Structure formats: structure tokens, C-alpha cells
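A short worksheet on the structure shown next.
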Protein chains: 2
Amino acid sequence: MSAQPLVPSEHRSGALLDHLARRMRLRSESVLAPLGLRPRHLVALTVLRDGDGISQQALASTLEMDSTNIVGLLNDLEAKQLIERRRSPEDRRRHVVELTEDGAKRLNEAECALAGAENEVLGALEPADRERLYLLLRQAATGTTVICSTAIHEDETSSDTC
Amino acid sequence: MSAQPLVPSEHRSGALLDHLARRMRLRSESVLAPLGLRPRHLVALTVLRDGDGISQQALASTLEMDSTNIVGLLNDLEAKQLIERRRSPEDRRRHVVELTEDGAKRLNEAECALAGAENEVLGALEPADRERLYLLLRQAATGTTVICSTAIHEDETSSDTC
DNA sequence: AGGATCGTCTGTGTAGCACCAACCATTTAT
DNA sequence: ATAAATGGTTGGTGCTACACAGACGATCCT
């Protein structure tokens with residue numbers, strides 16, 4: 001076995017993403033349980049926070065989930081009053097999904113609660129790198145560059161008992 | 001531990017990680033199918049490439065999977081001759097798992113094949129940012145800092161593959 | 001009026017995975 | 001030497017997430 005990597009590996013993030021997401025999800029489950037949330041609820045809420053007031057169809061496509069399964073997901077969230085469905089004025093077939101205040105608050109609480117989990121999973125990264133990672137992930141997820149000032153502004157409003 | 005960050009940034013990456021991993025996995029499945037692989041196989045192979053010659057138990061703990069399920073996973077991989085199980089000389093109960101040459105090759109092929117999927121999911125990031133993301137993810141996953149010179153070296157030579 | 005679309009409900013099937021129990025080979029402790 | 005612990009394997013059970021399909025009401029667009 002000659003140790004001669006003449007063909008070095010491609011730098012694909014897929015598997016790493018998968019791996020880290022799994023590790024994070026495993027921890028998240030137990031942390032989120034007391035809040036009555038599951039990891040996928042959090043994903044939905046996060047998406048809703050970024051693009052508020054979107055149709056269920058749009059949500060389904062962002063989440064890349066079957067729309068029939070979105071229904072159940074939103075039912076959960078609505079039962080807990082974390083989101084609201086209201087009919088669109090333009091097209092009354094459509095439901096516009098919005099984060100309620102409770103929803104935003106709960107999301108924030110959840111994120112705070114996840115600090116420990118993130119520490120475990122992202123322990124090898126120093127705070128600055130974690131923030132860098134966050135910004136990259138967010139940009140990839142939303143397709144928009146996050147301007148620093150915006151991020152700082154968001155910081156103020158969300159300063160809870162973290 | 002009561003260390004409170006001066007800037008209470010609840011920039012939690014968990015949900016984003018989850019979301020992007022899912023999007024990537026959905027695309028990966030179809031791309032990987034012709035190669036006889038599934039996303040989780042790729043995760044295992046990736047881990048194996050980094051820490052070669054580890055016991056199944058160690059693998060189970062890195063992957064954070066139940067060791068009974070690792071068996072099946074490795075059976076798949078071994079049947080395709082992408083990995084080898086050989087008994088450890090020090091402790092003959094142990095199986096040392098190693099990537100075969102075929103395995104390394106296949107992993108590389110798979111990563112090349114995933115270029116398209118990654119383009120779709122990480123489209124909002126320019127190449128330099130993708131590399132940055134990769135390095136951060138890798139550091140988080142392996143716990144080791146990837147030295148830049150190494151990364152750059154790998155970069156040059158890897159362009160001939162894809 | 002007729003057809004398409006959005007959301008809802010119900011049901012079916014499959015995959016990933018945790019968990020349990022039993023078992024063999026081997027190592028370590030008594 | 002015997003007992004106990006450990007690494008791996010096999011088989012089974014059950015849960016959850018999810019895709020997919022069919023049917024329905026409401027609404028929009030011709």
C-alpha cells in the first residue's frame with residue numbers, strides 16, 4: 001500500500017454537511033423536546049423567519065418537502081400558536097404562513113437552548129469561525145448575502161437571557 | 001460554565017445545517033445511485049478517509065450511530081470492496097476498518113459526480129466561499145485545523161480529476 | 001360552466017435508525 | 001483455569017420521517 005495520493009480528493013461539502021447535521025440533530029432532539037419542538041420544526045421556523053408571509057407551496061419548495069407533509073408540520077406549529085395561517089387577499093385559495101410573536105420568541109428560545117449542542121458539535125471552531133460558518137450557511141440557504149450591519153442589528157433585538 | 005458572550009448572537013447554525021444537508025442529500029441520492037452508493041455510505045467513506053484504520057466501535061462513535069447498524073453499513077461497503085475489515089493484531093476481537101484503493105477511487109468519483117448537486121445547493125456562494133465553507137466544515141468534523149498550505153496544495157492537483 | 005390550482009385529509013409504503021437479545025471469539029481479571 | 005468483560009455479528013421490533021396517491025372543497029381563470 002504505497003501512501004501516494006496522486007489523486008487528491010475533491011472538496012465536496014456534502015458528506016461533511018450530512019455528518020455535522022446529524023450530530024447536531026441528535027443533540028437538538030433532546031434539547032428541543034422540553035420546548036415541544038423537533039428539529040424539523042426549527043428548520044421550518046427558521047425559514048419562516050427569513051421569508052415571512054409565504055405560501056405553503058413556496059414553503060414546501062424551499063423545504064423541498066412534499067406539500068401534503070407540510071400540512072401536518074404546520075398543523076403542529078399552528079396548534080402551538082407559533083405560526084398563523086391566513087388567507088391571501090389576492091388569492092383566497094392560498095394560505096399565507098407567518099411567524100407569530102410567540103413563534104419568533106420560541107424560535108429564539110430554542111436557539112438559545114441549542115447553545116450547548118452547538119458547542120459540542122462545533123467545538124473545534126473558535127467563536128469567530130462559527131460566526132463565519134453561520135454567515136456562509138445562511139447565505140447558501142437564503143441566497144442572499146448577509147450584511148454585517150444587518151446581523152448586528154438583529155443581534156440587538158434578539159438579546160434575551162441567552 | 002457560565003461564560004456569556006458579550007454579543008448575544010443566537011446565530012445558531014443547527015437549522016441551517018439541517019436544511020442544507022437535506023437539500024444536498026436529496027440531490028445526492030440520485031447522483032450517487034449509479035455508483036451504487038447512498039449518502040450515508042459517502043459519509044462513512046469520508047470519515048474513513050480522514051481516520052483510516054479505526055475500529056468499528058470508533059467509527060460508530062464518530063458517526064454517532066448504533067454499532068449494530070454500522071455492521072450493515074460496512075457489509076455493503078465491503079461487498080463492493082470499497083473497504084476492508086481485518087483483525088487487529090493487538091486485539092484480535094477488533095476489526096480494523098480501512099479504505100481500499102477502490103474505495104478511495106470510488107469516493108473520489110462520487111465527489112466529482114456531486115459537483116452538480118453542490119452547484120445547485122451552494123449556488124449562492126462563490127467558489128472561494130465554498131472552499132471556506134468546506135474548510136470550516138472539515139475542521140468542525142475532524143477537530144483538526146486544516147493548514148492552508150496543505151489545502152492549497154491539494155487544490156492545485158485536484159483539478160485534473162474532474 | 002369547466003378546468004386548473006391551493007390546501008386539506010387519509011392512507012400506504014419504504015428507509016433510516018435506535019434498541020433489545022442472543023451468540024461467538026477473544027481478552028482481561030480473579 | 002475459570003469467570004467476566006469486550007468487539008463484532010445476526011435477527012427482530014418499533015418508531016419516525018417521508019414520498020406518493022386519491023379524493024375533496026374552495027377558489028381562480030377562462
Side-chain angles (χ1 to χ4, degrees), chain A residues 15 17-19 21-30 32-33 36-44 47-48 53-79 83-98, chain B residues 15 17-19 21-30 32-33 36-44 47-48 53-79 83-98:
Chain A
L17 228 31
D18 213 328
H19 187 190
R22 176 185 169 78
R23 299 184 52 166
M24 191 76 85
R25 203 175 55 248
L26 286 174
R27 287 160 179 75
S28 302
E29 269 164 24
S30 52
L32 255 28
L37 293 173
R38 285 164 172 274
R40 65 186 192 304
H41 293 137
L42 216 61
V43 176
V47 169
L48 252 1
I54 66 178
S55 75
Q56 297 192 192
Q57 224 179 224
L59 187 59
S61 107
T62 322
L63 253 27
E64 300 202 53
M65 281 181 60
D66 194 286
S67 51
T68 64
N69 292 317
I70 292 286
V71 175
L73 189 61
L74 292 182
N75 285 349
D76 290 352
L77 260 18
E78 196 173 35
I83 59 139
E84 257 181 21
R85 289 192 252 221
R86 64 181 71 132
R87 306 224 82 118
S88 163
E90 303 121 29
D91 184 343
R92 291 181 41 74
R93 289 170 300 179
R94 223 174 308 175
H95 273 160
V96 172
V97 184
E98 274 177 358
Chain B
L17 227 31
D18 212 329
H19 186 191
R22 177 185 168 79
R23 299 184 53 164
M24 191 77 85
R25 203 175 55 249
L26 286 175
R27 286 160 179 76
S28 302
E29 268 164 26
S30 53
L32 254 27
L37 293 173
R38 285 164 171 277
R40 67 182 143 43
H41 292 136
L42 216 61
V43 176
V47 168
L48 251 1
I54 65 177
S55 76
Q56 298 192 189
Q57 228 179 219
L59 188 59
S61 105
T62 353
L63 253 27
E64 300 202 54
M65 282 181 60
D66 195 286
S67 52
T68 63
N69 293 317
I70 292 285
V71 175
L73 189 60
L74 292 182
N75 284 350
D76 290 353
L77 260 16
E78 195 173 37
I83 59 137
E84 257 182 21
R85 288 192 252 221
R86 64 181 71 134
R87 306 227 80 118
S88 162
E90 303 120 29
D91 184 341
R92 292 180 39 73
R93 288 170 301 181
R94 224 174 308 176
H95 273 162
V96 172
V97 184
E98 274 177 359

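What you see is a predicted model; the values in this text were computed from it and never measured. Order of the sequence lines fixes the chain letters, A, B, ..., with proteins taken first and strands second; residue numbering starts at 1 for each chain.
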Let me know the distance between CZ of A/Arg92 and C1' of C/dT8, rounded to the nearest Å. 16 Å

Listed by chain and number, what are the side chain to side chain donor-acceptor pair (under 3.5 Å) partners of B/Ser61, not counting sequence neighbours? none

Tell me, please, which residues at least two apart from B/Arg40 pass side chain to side chain donor-acceptor pair (under 3.5 Å). none

Whole-Å gap separating P (D/dT10) and CG (B/Leu74): 11 Å

For atom CG of A/Leu73 and atom C1' of C/dT8, their distance in whole Å: 15 Å

Quickly work out the B/Leu59 CG to D/dG8 P distance and round it to whole Å. 10 Å

Is there side-chain contact between A/His41 and A/Leu73, with at least one heavy-atom pair below 4.5 Å? yes

Identify, with sequence neighbours excluded, every residue that meets side chain to side chain donor-acceptor pair (under 3.5 Å) alongside A/Glu29. none

For every nucleotide of nucleotides 15-24 of chain D, 5' to 3': is a protein heavy atom under 4.0 Å from its base (B), only from its sugar-phosphate (S), or from neither (-)? -SSSBBB---

Which residues pass the side chain to side chain donor-acceptor pair (under 3.5 Å) test with B/Glu78, not counting sequence neighbours? B/Arg85

Just N and O in the side chain of A/Asn75: are any of them under 4.0 Å from OP1 or OP2 of C/dG7? no

Rounded interatomic separation in angstrom, taking CD from A/Glu29 and P from C/dC19: 11 Å

Going by heavy atoms in the side chains, are A/Glu98 and A/Leu48 under 4.5 Å from each other? no

Quick test: give all pairs of protein nitrogen or oxygen and nucleotides 3-6 of chain C nitrogen or oxygen below 3.5 Å, distance rounded to 0.1 Å.
| residue | atom | partner | partner atom | Å |
| --- | --- | --- | --- | --- |
| C/dT5 | O4' | A/Arg93 | NH1 | 3.3 |
| C/dT5 | O2 | A/Arg93 | NH1 | 2.7 |
| C/dC6 | OP1 | A/Gln57 | OE1 | 3.2 |
| C/dC6 | OP1 | A/Gln57 | NE2 | 3.0 |
| C/dC6 | OP2 | A/Gln57 | OE1 | 2.6 |
| C/dC6 | O5' | A/Gln57 | OE1 | 3.2 |

B/Arg27 side chain to B/Arg23 backbone, donor-acceptor under 3.5 Å: yes

If I take atom CG in residue B/Leu63 and atom P in nucleotide C/dC17, what distance separates them, rounded to the nearest angstrom? 9 Å

Please test A/Leu74 against A/Leu59 for side-chain contact (heavy atoms from CB on, under 4.5 Å), starting from the C-alpha separation and ending with a verdict. CA-CA 10 Å; A/Leu74 292 182; A/Leu59 187 59; 3.9 Å; yes

Output yes when a side-chain donor or acceptor of A/Arg22 lies under 3.5 Å from a complementary backbone atom of B/Leu63, and no otherwise. yes

Interatomic distance, B/Glu90 CD vs C/dT28 C1' [rounded to whole Å]: 16 Å

